[in-house]
Amino acid sequence: MNSGESGESVGAAHMRFDDNSLLAMLFGEHDRHIAQIEHALGVIIASRGNELEISGPTEEVGVAEAVLSELYARLKQGERVNRSEVDGAIRMAGARRPGADADADAAPQAPIEPIQTRKHPIAPRSPRQAAYIEAMRSHELVFGLGPAGTGKTYLAVAVAVSMYLSGQVDRIILSRPAVEAGEHLGFLPGDIKEKVDPYLRPLYDALNDMMPTDAVLRRLESGEIEIAPLAFMRGRTLSNAIVILDEAQNSTPVQMKMFLTRLGEYSRMVVTGDLSQVDLPIAARSGLAEAVDVLEGMKGAAFIRFSSDDVVRNPLVTRIVRAYEKREKEAGPAPGGKKRS
């Protein structure tokens, strides 16, 4: 180990892999995974046969080594590795290094158990995603707050599927407010199901990514999985179930209180939303905003706040979210104290 011209400590690491058949998947097509790690961490990775040499700043070399070890272990377990998995492994390994920034939503230092679904296991791709998964496993009520692309809904559905498949709950209930974002339900063709299905489509998509389509359809028919607008929850007691309210920023205070008080025995609730994207009338207060004000700090409830740093979609989405966050911060609150959306 020595220091470069800038005084930064320079290090190197040697890695050897015992299964050559997995290296092509580890490296990626045209070594794109290796290039992704090099670009993200500022290291150089040289390969010779089944061995790798990593050089660069000492801390980043350690992170790169941890990333490669984690991805290789996933491949040995039959899991998939793609660009998104590489990005997630980099985020998670970086968060665990000594001196990494930490806050109340930071991930646990030890790796957490991936979410098991019928199609493939799902691992967190950011420290707050890890904290979110842990919160859903250990709390009866969890609020996932933050911008699009941070995995709030996807991970909630994944945990729901995992709990259902393991017998922890008997039912999965997924709901959204049917609030028009510049559209009007009454002018859409079809019956009520055909009118509201477009609002619920992201929930169907998430389910189909975790269970075979025919299995999803059978459980929808039997009622073991239910997808319904928020208004349909009134008057019910939801027991032995995991219940997810998505896009909760578009609920009214009355609707939110109604939903939260549906929680029955042996059940869990997850509420997700982005308070910067409220589609309610300008004068209306978001039920999600009120619930955060009223319930934060209450025993049994957890609040995980995501930011643009947690966006796991195309990197351009991260830049888009940050640009809007900057503009909203400069503009200040909208008239009446409501956040601009």
Side-chain angles (χ1 to χ4, degrees), residues 67 70-93 95-96 105-146 148-175 202-213 215-216 219-220 224-227 240-246 266-272 302-306 310-313:
V67 168
E70 168 70 18
L71 295 174
Y72 184 69
R74 292 189 195 181
L75 289 169
K76 292 189 76 170
Q77 293 171 6
E79 298 179 26
R80 63 184 182 182
V81 168
N82 55 30
R83 176 179 173 178
S84 295
E85 303 295 333
V86 175
D87 177 65
I90 292 169
R91 294 184 193 217
M92 295 301 297
R96 295 191 187 104
D105 289 342
Q109 290 298 303
I112 72 167
E113 192 71 24
I115 305 168
Q116 299 299 325
T117 69
R118 281 279 170 84
K119 287 192 174 180
H120 53 80
I122 297 170
R125 296 181 184 174
S126 78
R128 284 192 185 87
Q129 283 197 353
Y132 186 46
I133 293 170
E134 286 291 275
M136 288 187 285
R137 288 170 171 169
S138 59
H139 289 75
E140 291 179 285
L141 174 61
V142 176
F143 288 82
L145 311 169
T150 52
K152 304 184 302 295
T153 303
Y154 188 82
L155 290 176
V157 174
V159 168
V161 169
S162 177
M163 287 184 171
Y164 170 77
L165 293 175
S166 65
Q168 292 176 258
V169 296
D170 295 334
R171 292 183 296 161
I172 299 172
I173 301 173
L174 310 175
S175 185
L203 301 176
Y204 287 103
D205 291 343
L207 275 174
N208 287 324
D209 197 38
M210 296 161 201
M211 297 176 70
T213 302
V216 173
R219 286 162 175 80
L220 285 169
E224 293 169 83
I225 297 177
E226 180 181 350
I227 303 178
N240 300 300
I242 182 164
V243 191
I244 299 170
L245 175 60
D246 190 36
Y266 310 112
S267 290
R268 298 190 179 217
M269 279 186 170
V270 183
V271 179
T272 73
F303 292 78
I304 304 297
R305 287 177 168 84
F306 295 92
D310 302 297
V311 173
V312 293
R313 292 179 182 170

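Side chains included, hydrogens not; waters and symmetry mates left out as well; all remaining heavy atoms used. All residue numbers refer to positions in the sequence shown, counting from 1.
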Any carboxylate oxygen within less than 4.0 angstrom of a Lys/Arg side-chain nitrogen, looking at Arg83 and Asp87? no

How long is the gap from CD1 on Ile225 to OH on Tyr204, to the nearest 0.5 Å? 10.5 Å

What pair of heavy atoms forms the shortest contact from Met136 to Met163, and how long is it? O-CE, 3.5 Å

Any Glu70 side-chain heavy atom under 4.5 Å of Val67 side chain: no

Closest non-hydrogen atoms of Val142 and Ala135, given as atom of the first, atom of the second and distance, are CG2-O, 3.5 Å

Between Ser138 and Arg268, the two heavy atoms sitting closest are N-NH1, 3.4 Å

To the nearest 0.5 Å, atom CG of Leu245 lies from atom OG1 of Thr272 at 7.0 Å

So, taking the atom named CD1 in Ile227 and the one named CD1 in Ile173, what distance separates them when rounded to the nearest 0.5 Å? 11.0 Å

Mind checking the CE-OH spacing from Met210 to Tyr164? Nearest 0.5 Å is all I need. 15.5 Å

From CZ (Arg128) to CZ (Arg91), nearest 0.5 Å: 11.0 Å

Over 12 non-hydrogen atoms of neighbours within 6.0 angstrom of CD in Glu140: no

Closest approach of Lys152 and Gly146, non-hydrogen atoms and distance? NZ-O, 3.0 Å

Donor-acceptor contact below 3.5 Å, side chain Arg137 vs main chain Val159: no

Assess whether side-chain contact (heavy atoms from CB on, under 4.5 Å) is satisfied between Asp209 and Asp205, documenting all intermediate values. CA-CA 6 Å; Asp209 197 38; Asp205 291 343; over 6 Å; no

Got a donor-acceptor contact below 3.5 angstrom from the Ser267 side chain to the Ile242 backbone? no

Step by step, work out the side-chain hydrogen bond (donor to acceptor under 3.5 Å, both in side chains) result for Asp310 and Ser126. CA-CA 6 Å; Asp310 302 297; Ser126 78; 3.1 Å; yes

May I ask you to decide if the ring planes of Tyr132 and Phe306 are parallel, tilted or perpendicular, using 30° and 60° as cut-offs? perpendicular

Do the non-hydrogen side-chain atoms of Arg118 and Val161 ever get within less than 4.5 Å of each other? no

Can you tell me how far apart CG (Leu155) and CD1 (Ile244) are? Round to the nearest 0.5 Å. 10.0 Å

Which heavy-atom pair separates Gln129 from Gly151 by the least distance, and what is that distance? NE2-CA, 3.9 Å

Taking side chain as C-beta onward, heavy atoms only, is Val311 less than 4.5 Å from Thr150? yes

Is there a side-chain contact between Arg80 and Arg74, using heavy atoms and a 4.5 Å cut-off? no

Do Leu203 and Leu207 come close enough that some side-chain heavy atom pair is under 4.5 Å? no

Quick check: closest heavy atoms across Thr117 and Ala158, and the distance to 0.1 Å? CG2-O, 4.3 Å

